[in-house]
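Take a look at the structure set out below.
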Amino acid sequence: LEQALNEWNTVQATLRQVSTKLSRSMLALGASCGASLILLAEYTFFHTDSSIFVDQLQPGVQMAFFLGWLFPPVLLFLYSMMRAAGVTEKASRVAPLVNSWHFGEQEEDVPSWMDLGRQYIVQYIIQSEAGF
C-alpha cells in the first residue's frame with residue numbers, strides 16, 4: 001500500500017507541475033485565439049465594402065488567407081484543451097479501478113468489499129483531485 005501511495009503522489013505531483021507550467025501559455029494561446037476570432041468577426045461584419053481591400057486580391061481570397069492564418073492556433077488550442085481534459089478524465093477513473101482490486105487475503109469475518117487499506121487508498125486518490 002505504501003508503494004501505491006508513493007506512486008500516486010509522484011503522478012499527482014507531475015500533473016500539478018505540468019499544469020502549473022502550462023497554465024500561462026494556455027492562457028496566452030486562448031487569449032490570442034479569442035482576439036483573432038474577434039478580429040475576424042469585426043473584419044467580416046463591418047468591412048464588407050471593397051474599400052478595405054487595398055491590394056489586387058479578391059475579398060474571398062483575402063478571407064481564405066486570414067482563415068489560414070487563424071485556424072492553426074485555434075486548432076492547437078482546442079487540441080491541447082482536449083488532451084488536458086482527457087488526462088483529467090483518466091485521472092478521475094483511477095479511484096474506481098483501484099476500488100475493484102483485491103489486495104491479498106482478508107480476515108475470515110470481514111467481507112472482501114470492506115478492505116480498509118483499499119478504501120483508504122481510494123479516498124486518498126479521490127481527495128487529491130489529480131488532473132489538469
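Given the structure is predicted, the values throughout are model-derived calculations rather than measurements. Position 1 is the first residue of the sequence, and the numbers go up from there.
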Problem - Distance, nearest 0.5 Å, that separates OH of Y124 from CD of Q12 - result: 5.5 Å
Fill in the blank from the handout: Those residues at least two apart in sequence (or on a different chain) that pass side chain to side chain contact (heavy atoms under 4.5 Å, CB included) with S92 are E89
Fill in the blank from the handout: The remaining residues in the hydrophobic cluster of Y79, counting side-chain heavy-atom contacts under 4.5 Å among Ile, Leu, Val, Met, Phe, Trp and Tyr, are M82
Exercise for the section: Could you tell me the separation between the CG atom of L15 and the OG1 atom of T88, rounded to the nearest 0.5 Å? Expected result: 8.0 Å
Practice task
If you link ILVMFWY side chains whenever their heavy atoms are less than 4.5 Å apart, which other residues fall into the same cluster as I38? By chain and number, please.
Solution key: none
Practice task
Write down the atom of P73, the atom of C33, and the distance for their closest heavy-atom approach.
Solution key: O-SG, 3.3 Å
Practice task
Name all residues meeting the side chain to side chain donor-acceptor pair (under 3.5 Å) criterion together with Q17; count only those two or more places apart in sequence or in a different chain, and write none if there are none.
Solution key: none
Problem - Nearest-0.5 Å distance, CG of residue L70 to OG of residue S32 - result: 9.5 Å
Completion exercise
dist I125:CD1 -> Y120:OH (nearest 0.5 Å) comes out at 11.0 Å
Donor-acceptor contacts, no H, no angles, side chain residues 22-31, under 3.5 Å, sequence neighbours left out:
{"residue": "S23", "atom": "OG", "partner": "T20", "partner atom": "O", "Å": "3.0"}
{"residue": "S25", "atom": "OG", "partner": "L22", "partner atom": "O", "Å": "3.0"}

Exercise for the section: Find the distance between CG (L78) and CZ (R83) and round it off to the nearest 0.5 Å. Expected result: 14.0 Å
Exercise for the section: List for me each residue that meets side chain to side chain contact (heavy atoms under 4.5 Å, CB included) alongside I126, sequence neighbours excluded, and say none if there are none. Expected result: A95, V122, Q123
